[in-house]
Amino acid sequence: MVRAFENSAHERKIIMTIAEKREIVNTIINLLLQLTAEEEVQEQPATSSKPVKAPAQSVRMLTIKECTALIEGISEHSIRMLIAQGKIKAFRTGEGVRGKYLVNKESLLSYFSGNEEV
């Protein structure tokens with residue numbers, strides 16, 4: 001649900017909740033994964049016996065604060081360092097210093113379970 005309010009007689013601003021933004025990001029990610037899987041199927045020769053990897057049904061993204069709540073004893077700085085080192089999957093939303101990192105939950109959990117593949 002998108003809510004709007006009037007700032008003046010001629011301006012309208014749209015405000016979205018964090019849950020609404022996450023839902024949109026997850027939808028976009030799922031569509032990109034499906035598109036990638038479709039391209040892989042088209043690129044494979046008809047005689048190939050390799051199975052095609054199915055796209056993930058849902059990708060869960062976490063903010064840095066949510067990561068620290070999920071992994072006991074880790075700081076926000078440590079999460080940012082893991083992102084910078086490429087040890088966990090993440091991407092930055094927004095522009096400039098106000099942009100936020102969204103971390104792939106599966107990548108975070110696999111890193112801390114000992115499987116350090118990104």
Side-chain angles (χ1 to χ4, degrees):
M1 177 173 88
V2 177
R3 290 176 298 283
F5 67 94
E6 293 211 20
N7 214 10
S8 68
H10 301 289
E11 286 185 37
R12 289 192 81 118
K13 291 194 176 187
I14 297 175
I15 307 272
M16 293 173 40
T17 65
I18 292 172
E20 292 166 340
K21 291 177 184 178
R22 281 194 188 127
E23 182 180 336
I24 290 170
V25 168
N26 283 336
T27 302
I28 291 169
I29 290 171
N30 286 331
L31 290 173
L32 289 172
L33 289 171
Q34 288 174 1
L35 180 63
T36 304
E38 289 172 6
E39 288 175 358
E40 287 175 3
V41 169
Q42 291 174 357
E43 290 175 3
Q44 281 187 337
T47 59
S48 175
S49 62
K50 289 193 285 184
V52 176
K53 186 176 177 183
Q57 294 300 321
S58 177
V59 176
R60 177 79 169 120
M61 303 302 284
L62 303 171
T63 63
I64 290 180
K65 279 192 188 275
E66 290 172 331
C67 291
T68 59
L70 182 65
I71 307 295
E72 186 177 331
I74 193 159
S75 68
E76 291 181 19
H77 176 74
S78 296
I79 296 292
R80 286 188 182 91
M81 293 304 295
L82 290 171
I83 293 168
Q85 295 168 359
K87 294 186 178 181
I88 56 176
K89 290 182 184 178
F91 66 92
R92 192 168 188 130
T93 60
E95 295 181 11
V97 296
R98 301 204 51 97
K100 301 218 180 293
Y101 279 109
L102 292 179
V103 178
N104 182 301
K105 182 178 180 180
E106 184 179 322
S107 173
L108 179 74
L109 293 176
S110 70
Y111 178 80
F112 283 101
S113 69
N115 180 8
E116 295 189 21
E117 289 182 23
V118 177

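On a predicted model such as this, the values are computed, not experimentally measured, just so you know.
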Student: Here's a test for you: under side chain to side chain contact (heavy atoms under 4.5 Å, CB included), which of T93, I64, T63 qualifies with Y101?
Tutor: I64
Student: Measuring from atom CG of L108 to atom NZ of K105, what distance do you get when rounded to the nearest 0.5 angstrom?
Tutor: 9.5 Å
Student: Are N104 and I88 packed together at the side-chain level, in the sense that at least one heavy-atom pair is separated by less than 4.5 angstrom?
Tutor: no
Student: Please round to the nearest 0.5 Å and tell me the distance separating atom OG1 of T17 and atom CD of E23.
Tutor: 8.5 Å
Student: Indicate yes or no: at least one non-hydrogen side-chain atom of V103 is less than 4.5 angstrom from one of M61.
Tutor: no
Student: More than 12 heavy atoms of other residues, nucleotides or ligands under 6.0 Å from CD of E76: is that the case?
Tutor: yes
Student: Applying a strict under-4.5 Å side-chain criterion to I, L, V, M, F, W and Y, I'd like to know whether I24 and L32 cluster together.
Tutor: yes
Student: Restricting to non-hydrogen atoms, name the atom on S110 and the atom on S113 that form the minimum distance, rounded to 0.1 Å.
Tutor: O-OG, 3.0 Å
Student: Roughly how far apart are M81 CE and S75 OG, rounded to 0.5 Å?
Tutor: 10.0 Å
Student: Decide yes or no on side chain to side chain contact (heavy atoms under 4.5 Å, CB included) for L82 and F112, but give the supporting numbers first.
Tutor: CA-CA 11 Å; L82 290 171; F112 283 101; 3.7 Å; yes
Student: Just how far is it from atom CG of L109 to atom CG of L62, taken to the nearest 0.5 Å?
Tutor: 7.5 Å
Student: From I29 CD1 over to R22 CZ, what is the distance, rounded to the nearest 0.5 angstrom?
Tutor: 11.5 Å
Student: Tell me whether L70 shares a hydrophobic cluster with I79, the cluster being built from Ile, Leu, Val, Met, Phe, Trp, Tyr side chains joined at under 4.5 Å.
Tutor: yes
Student: Give me the atom names and distance for the closest heavy-atom approach of K89 to S107.
Tutor: N-OG, 2.8 Å
